[in-house]
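Step one of this worksheet: look at the structure below.
Protein chains get the first letters and strands the later ones, always in sequence-line order, with residue 1 at the start of each. Please read these numbers as outputs of a predicted model, since none were measured by experiment.
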Protein chains: 2
Amino acid sequence: MTTNGAAPTPLRRPRRQAPALPALEAHPEGAVRTGVRDRVTEALREALIIGRIQPGRPVTLRGLAEQLGTSPMPVREAIRGLAAERALDVRENGRIAVPRMTEQRLSEILKARALLEPVAAALALPRLDRKAAARRLQVIDDAVDASLKDGDVEAYMRHNHAFHFAIYEASGSDVFLPLIESVWLRFGPFMRMVYGRVGTAGLVDHHKAAVAAIADGNADALSEAIRLDIAEGMDLIRDALVAGAADFADPG
Amino acid sequence: MTTNGAAPTPLRRPRRQAPALPALEAHPEGAVRTGVRDRVTEALREALIIGRIQPGRPVTLRGLAEQLGTSPMPVREAIRGLAAERALDVRENGRIAVPRMTEQRLSEILKARALLEPVAAALALPRLDRKAAARRLQVIDDAVDASLKDGDVEAYMRHNHAFHFAIYEASGSDVFLPLIESVWLRFGPFMRMVYGRVGTAGLVDHHKAAVAAIADGNADALSEAIRLDIAEGMDLIRDALVAGAADFADPG
DNA sequence: CCGACGACATTGTGATCACAACTAAGTCGA
DNA sequence: TCGACTTAGTTGTGATCACAATGTCGTCGG
């Protein structure tokens, strides 16, 4: 082709953000007929929980739609849903972004986790087949440990999430589960940042104590293990804070 | 126009539900430029919290849009946001309705309230101007008492909500507040049903104890007053349950 | 060298449309 | 009389469009 001079060559480079999301599969799960919007929502939820999207990064309707291979329409509704859970931040100018974290917000998120999750675990315990559950959780926790050993932050985030929610989901609570999910949604992007900074090397979890408590059918011990696991995360944050508190001050 | 005979006379009467929502005002608050969607959301949130919409009642895009005088578009996003908070129920066929309440769900909602709200109150206390806040809350509580005396359920719901959130909002927590709001959203429609059945006559609240605790700057006493206030509601439910447990069994 | 202006691309918003799935009222037949 | 069938209406879904607000980059004037 001849490089024509008349045509308006795109001087402005399309500063399109790097696609952090995979395109939508044609039919994710076999039989379930899920709409496009739900698939978009699911993709976004996972990306947030795993921390695949950086805090502060803008999220645009058309950009996401293009990445996922649909029209902006389903993306709009998905984003609106996530925004209602505060998992996405609607700026005053209408633009949408992954929320930036503040020190206060984070401390409150962990406080909320420490309130809600032990209760959900206690609700779940009597509904679990103890032996089977302990075995299943042990497998997940092995994967968590492996990710920690490899320093694979994303895998760690995913497996840690799987471990906790394998317990909470057993509660069958359609009140506590959504509340906890909503908190994790806000927790993920930031936690990923922290791990990226201080690493996952010094990370100690209380998963084994939780598994033991489930095997014993000891609700109090289970709640306490969960509580400690969350408190541990809180300590790690403190380390990250002294390491570099700069990013926290950034206005949203 | 001549009443033509050829035109298909609408034999089928448009079984449009009675409009439970007021039309949108042109500009709700003076200066704030809110989009149509936000106004729709706000209208729905209030209707749900006050309990103006019955559990189980279908909520349709076009129906709402017509009631509110807009296109279905903003309604779609508003509904999607509420659905994300579980304030609206998306049935498997895609239809949307106010969730029906189950006994388990209600007990969990109250348990979540009892966990979250005392903490939010404790967070709020140090940020309050005690004397001014106590005075302000006293005024609201007087309105609550008046509504109880009059047996005006809707006014009671509104004032009770105002009382609680006047406290919680002072916490300035953008973590606890949304969580608590989301719970109230689910709590409202059902509570209204209960009050409609057993009346508000026997209702005892712990608002005065809360006001006193705020005046004293006693965080523990404030938390306890809130906790008791919620527990009281739980007791009322139990009465309603023995009165007529039929509606609870209805499948969603 | 730097700040203000102006043009243009991008963004969210609201409206409208076509469509498929579903509901329910009306109708016909056993 | 009661059932299945037909048909029209309703509903949510996804796409597309026009538009106003906003942001961004390039240019020009100091």
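- Side-chain contact check for S182(A) and E85(A): no donor-acceptor pair (N or O, by modelled atom type) lies under 3.5 Å.
- Straight-line distance from the CG atom of L64(A) to the P atom of dT10(C): 16 Å, rounded to whole Å.
- Each of N93(A) and D38(A) was matched to the nucleotide of DNA chain D holding its nearest heavy atom; the match closer to the 5' end belongs to D38(A).
- Two rings, from F176(A) and Y168(A), have their centers 6.0 Å or more apart.
- Here side-chain hydrogen bond (donor to acceptor under 3.5 Å, both in side chains) pairs that include residues 183-193 of chain B, with residues two or more places apart or in two chains, are E117(B)-W184(B).
- To the nearest 0.5 Å, the span separating CG on L123(A) from CG on L177(A) amounts to 10.0 Å.
- Counting heavy atoms of neighbouring residues, nucleotides and ligands inside a 6.0 Å radius, atom CD of Q54(A) does not exceed 12 of them.
- In this structure, E77(A) atom CD and dG14(C) atom C1' are separated by 13 Å, rounded to whole Å.
- Here dT23(C) is the nucleotide among dT22(D), dT23(C), dT13(D) with the atom lying nearest to any side-chain atom of R95(B).
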Could you pull out the protein-nucleic contacts involving nucleotides 15-18 of chain D (nitrogen or oxygen on both sides, under 3.5 Å)?
unit_1	atom_1	unit_2	atom_2	d
dA15(D)	OP2	S71(A)	N	3.1
dA15(D)	OP2	S71(A)	OG	2.5
dA15(D)	O5'	S71(A)	OG	3.4

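- In this model, the phosphate group of dG12(C) is not approached by any side-chain N or O of R80(A) to a distance below 4.0 Å at OP1 or OP2.
- The aromatic ring centres of H159(B) and F163(B) sit 6.0 Å or more apart.
- A salt bridge is defined here as a Lys NZ or Arg NE, NH1 or NH2 lying under 4.0 Å from an Asp or Glu carboxylate O, and R105(B) with D174(A) meets this definition.
- In this structure, the helix from dC1(C)-dG30(D) to dA30(C)-dT1(D) shows an angle of 10° between the axis at its start and the axis at its end, each fitted on 5 base pairs and rounded to 10°.
- Taking the side chain as every heavy atom from C-beta outward, I79(A) and L44(A) approach each other to under 4.5 Å.
- In this entry the distance linking CG of L61(A) with C1' of dG23(D) reads 17 Å, nearest Å.
- In this entry the distance linking CD of E92(A) with C1' of dG12(C) reads 15 Å, nearest Å.
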